[in-house]
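Within every chain, numbering begins at 1; the chains are lettered A, B, ... in the order of the sequence lines, protein sequences first and strands thereafter.
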Amino acid sequence: MSSSVAGVVSPTRQALRRVRRDRSARFGLVLVVVLIVVAAASPLLVKLSGQDAFTYHIDLLDPVRGNAPRGSFGGVSAEHWFGVEPLTGRDLFSIVVLGLRTSLVIAIVVTLVTTVIGTLLGITAAYVGGWFDAVLSRFLDFLFGFPQLVFMIALGIIVPTSVPRPLLLIGVLSFFGWAGLARLIRAQARSLVTREFVEAARSVGSSGWWVITRELLPNLLGPVLVIATLAIPGYIGAEAALSFLGVGVPPPTPSLGRSISDSIVWVYTGTDPWFMVFPGIALFTAVLGFTLLGDGVRDAFDVRLRRTH
Amino acid sequence: MADPILEVHDLRVTFDTEGGLVPAVDGIDFAVAPGKTLAIVGESGSGKSVSSAAVMGILPSNAEVKGEVLLDGRELVGLPDDELRKIRGNDIALVFQDALSALNPYYTVGWQVAEAYRLHHAVSKKAAFKRAVELLDKVGIPDAARRAKSYPHEFSGGMRQRVVIAMALVNNPRVLIADEPTTALDVTVQAQIMQLLADVQEEFGTALVLISHDLGVVAEVADDVLVMYAGRAAERGTVRDLFYRAAHPYSLGLLGAMPRIDVPPKPRLTTIPGSPPSPGSIKTGCPFQPRCAYTERVGERCITERPELTPRPGEGDHEAACHLGRRPEVVS
Amino acid sequence: MPGLVWFVIRRLFSALLVMLALSLAVYLVFYAIPTDPALLACGKPCTPDRLEQARHFMQLDQSTMQQYLNFLKGIVAGRSYGEGAAVLHCDAPCFGYSFPLARPVSTLIADRFPVTASIALGAAVLWLVIGVSLGVLAALNRGRLLDRLAVGFALIGVSTPSFLFGLLAILVFGFWLNMVPVNGYVPLTESPVDWAWHLVTPWLVLAVLQASSYIRLTRAQMLEELNLDHITTARAKGAGERRVVVTHGLRGALVPIITLFGLDLGGLLGGAILTEKVFSMQGLGDLLIDSVGNLDVAVVVGVTLFAAFLVILANLVVDIVHGALDPRVSHG
């Protein structure tokens with residue numbers, strides 16, 4: 001009983017139109033844009049606030065209360081918009097926005113790396129089949145068997161400190177991250193490979209590279225976009241978790257996860273719960289924004305991502 | 001005609017969708033007597049299946065049903081769901097088009113047929129299963145006692161359709177609605193299934209509502225025919241009225257689109273140009289007008305005035321909704 | 001069912017192969033550690049002589065491959081370090097020996113596992129019940145208030161990192177309301193009530209967060225499932241709404257839900273690490289983090305492999321259960 005759609009609109013266009021109509025997706029998009037702008041402009045914002053993330057302000061702390069910030073809301077003031085860190089008195093606003101930048105940069109870079117690797121390998125496996133597919137599938141099984149978080153923590157001790165930790169984080173998260181994407185894309189691509197237009201392209205002698213980039217890839221753009229968007233909040237959470245456990249971004253680089261970890265004792269003693277609130281809200285908002293957007297994109301493209309088992 | 005067991009008067013179904021209210025069925029009437037067969041014919045989207053679902057009361061919640069559906073004189077429209085549930089599958093049963101998707105993949109066919117029986121009879125699971133095996137045997141499933149323990153995907157298309165029929169017959173319904181029961185099957189199996197339905201009708205005096213777009217099947221088994229177009233009745237009459245005295249250009253088009261062996265072959269099958277309008281999209285005039293070859297002969301009326309069903313010459317209550325007064329000659 | 005038996009045997013075999021490949025990879029990676037664990041055991045002042053002695057005692061002077069073979073051999077036949085009076089025995093199955101803690105790795109894991117398992121299993125039961133029932137309710141009330149509440153709850157749940165939520169829970173229930181203990185673990189054998197009482201908060205924290213993905217999955221699956229033709233069949237049979245939803249709808253949605261549940265259970269060790277840190281419980285995660293700090297490679301390898309074992313075991317069980325739940329899965 002559907003009325004016919006007037007005019008021909010590309011599926012991507014239609015999907016984008018649907019995202020714009022979906023209220024929660026729109027909200028997610030706004031959140032994501034704001035977060036990205038804040039992260040990108042964070043050095044500017046920090047300068048604007050007249051602070052930096054590294055200068056100690058011992059004078060703002062109250063030695064009687066174990067060096068918790070003086071004043072209410074964790075020492076919020078015209079100079080220190082989110083107050084200051086207990087014990088050191090560093091500006092919390094700077095720490096939060098720069099920490100947000102660290103989180104987003106790592107999550108987005110990892111998503112880009114895993115998306116490119118996973119898509120290419122997934123499509124290639126589906127298209128080439130045979131031994132390549134078999135080897136890749138076994139390797140994916142192997143990666144899925146890996147207790148990833150456990151391994152990432154343990155890696156902390158074997159990689160020399162000369163390797164920058166953000167790079168290590170990106171490397172490790174990417175190494176494990178592409179597997180899930182490759183498996184989903186492979187499943188989607190396999191259903192395409194048998195379809196007529198691919199057969200047709202093959203039969204007129206198109207090269208494998210041509211078929212993959214010109215026939216398969218455009219048709220998989222929707223699923224790829226959906227999986228990638230949905231993966232970002234996962235990486236934000238993973239980076240925060242690792243930093244929370246003390247094996248992520250090392251000090252003094254600001255990190256939301258580490259700040260939250262540092263805040264535990266202040267929360268428990270009740271001396272400065274605000275130390276957790278600001279980084280906590282930033283982290284929550286980041287994950288929420290990308291999740292909402294990812295859900296919206298998924299609904300718009302109407303992609304079914306059933307677990308293939 | 002004997003007293004009808006199922007009567008439908010001025011049935012209207014409207015769907016409340018994102019794009020506004022969509023009328024899917026726009027006032028149709030039909031009746032079927034025990035042991036008789038009524039065929040409802042039309043292209044997909046003409047409202048055939050929606051009508052049958054409306055009779056069963058199994059339309060989605062965004063559908064609004066108006067009109068009368070009388071089962072043995074009892075009004076079904078507006079009946080509370082508890083009451084309807086006792087009738088569904090018991091007095092009126094439905095045979096679906098696609099047996100593979102109509103059966104639950106997670107349960108054995110015996111379980112599913114037995115479930116239909118248990119829902120209307122207070123019997124033990126064991127007794128119900130026995131009854132299921134009996135029915136599976138009756139519809140021609142070989143080795144029914146053993147096959148009852150198989151899952152739907154383990155059957156061939158024809159055998160699955162038999163299972164669905166067994167499920168519909170297990171409570172000896174008075175009305176059987178078969179929605180394109182043979183579309184998904186190949187020709188020899190089609191004939192077997194239709195024969196099975198005819199046998200059942202004869203044995204139990206079941207009234208059959210056959211929904212189909214296959215006029216070959218209709219010609220063979222139907223007593224009466226209702227031709228639907230865009231949610232309305234285009235023509236109705238006995239099967240002979242339709243095949244020998246078709247009065248609506250759409251019926252003629254359908255007949256022309258059907259291969260026949262009893263008349264000398266034409267150079268090629270004629271088809272109806274264009275496709276059916278979506279329901280509700282034609283507000284005034286005859287819904288068939290854009291595709292009709294006779295519009296020029298009638299003129300303005302086809303565009304401005306909606307044709308109502310009017311009597312035509314024939315055996316019984318032969319009616320057609322067309323401004324063309326007499327029987328049109330075939331134009332090609 | 002010989003098909004199923006073969007399937008299980010084949011899957012067991014391939015799981016074993018994956019486990020072997022994993023253990024080799026983990027071993028090679030962790031024994032490439034730039035810092036010498038023997039340095040810690042050597043004490044101060046550490047003369048080259050004593051360092052060599054320690055290396056020999058810990059069997060670190062052999063090639064990595066040889067060490068790996070020793071490790072495999074230890075699992076089957078046990079192992080001993082050193083000789084004479086100072087000899088250290090590690091009985092089969094020996095998964096390595098922690099020199100800093102002076103205990104076999106298997107003993108350490110066995111000591112700590114009950115803590116982690118207590119957290120994980122209790123939470124798992126809770127979140128499965130909460131997640132599936134809320135998901136079903138949301139699907140049945142699609143678009144209405146209950147659905148929006150459940151979806152909103154799920155959204156907040158998936159967007160909140162577990163450690164953040166755990167800290168909040170401790171802050172609110174432990175400190176402000178002073179209702180529950182804020183940390184520590186009491187063994188079940190000591191006092192079941194205290195055991196449960198200390199675990200209530202971690203259970204709820206993990207359950208609420210994990211339930212979110214189950215609400216989302218169940219809701220989506222149910223909506224898909226309830227749109228299928230066989231659901232209409234069930235209604236047409238005269239089945240009541242509850243029967244339609246549970247017996248026919250949920251049955252189909254169960255397969256992906258159970259799949260996710262199995263995989264989540266297998267991966268729980270990862271999540272437990274965070275929970276243990278937040279609630280100061282001495283489980284496997286705590287052991288791992290301590291060992292990383294102590295450069296206790298034997299324990300790191302042991303815990304990593306144990307975690308991998310759980311993941312692979314879960315995958316195996318999921319595959320087998322999947323076959324049992326879905327009659328269409330063939331084991332050929």
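- With hydrogens and angles left out, the side-chain atoms of Arg11(C) and Ser14(C) include a donor and acceptor closer than 3.5 Å.
- Options Pro60(B), Gly57(B), Gly89(B), Ser101(B) differ in how many heavy-atom pairs under 4.5 Å they form with chain C, and the most are formed by Ser101(B).
- A salt bridge is absent between Lys86(B) and Asp91(B); no separation between the charged side-chain nitrogens and carboxylate oxygens falls under 4.0 Å.
- Proximity to chain C involves both the backbone and the side chain of Tyr106(B), based on heavy atoms less than 4.5 angstrom apart.
- The pair Arg147(B)-Glu154(B) fails the salt-bridge criterion, with no side-chain N (NZ, NE, NH1 or NH2) lying under 4.0 Å from an Asp/Glu carboxylate O.
- For residues 110-138 of chain B, a heavy-atom distance under 4.5 Å to chain C picks out Trp111(B), Gln112(B), Glu115(B), Ala116(B), Arg118(B), Leu119(B), His120(B), given by residue number.
- When only modelled atom types and interatomic distance are considered, Asp229(C) and Thr232(C) share no side-chain donor-acceptor pair under 3.5 Å.
- Of all the listed residues (Leu254(C), Val255(C), Thr247(C), Ile231(C)), the one sharing the greatest number of non-hydrogen pairs under 4.5 Å with chain B is Thr247(C).
- Looking at Leu103(B), the atoms closer than 4.5 Å to chain C (heavy atoms on both sides) all sit in the backbone: N, CA, C or O.
- In this structure a side-chain-to-backbone donor-acceptor pair under 3.5 Å is present from Lys48(B) to Gly42(B).
- Between Arg144(C) and Asp147(C) there is no salt bridge, since no side-chain nitrogen of the basic residue lies less than 4.0 Å from a carboxylate oxygen of the acidic one.
- Using a cut-off of 4.0 Å between Lys/Arg side-chain N and Asp/Glu carboxylate O, Glu224(C) and Arg219(C) are scored as not salt-bridged.
- Using a cutoff of 4.0 Å between basic side-chain nitrogens and carboxylate oxygens, Arg251(C) and Glu225(C) are not scored as salt-bridged.
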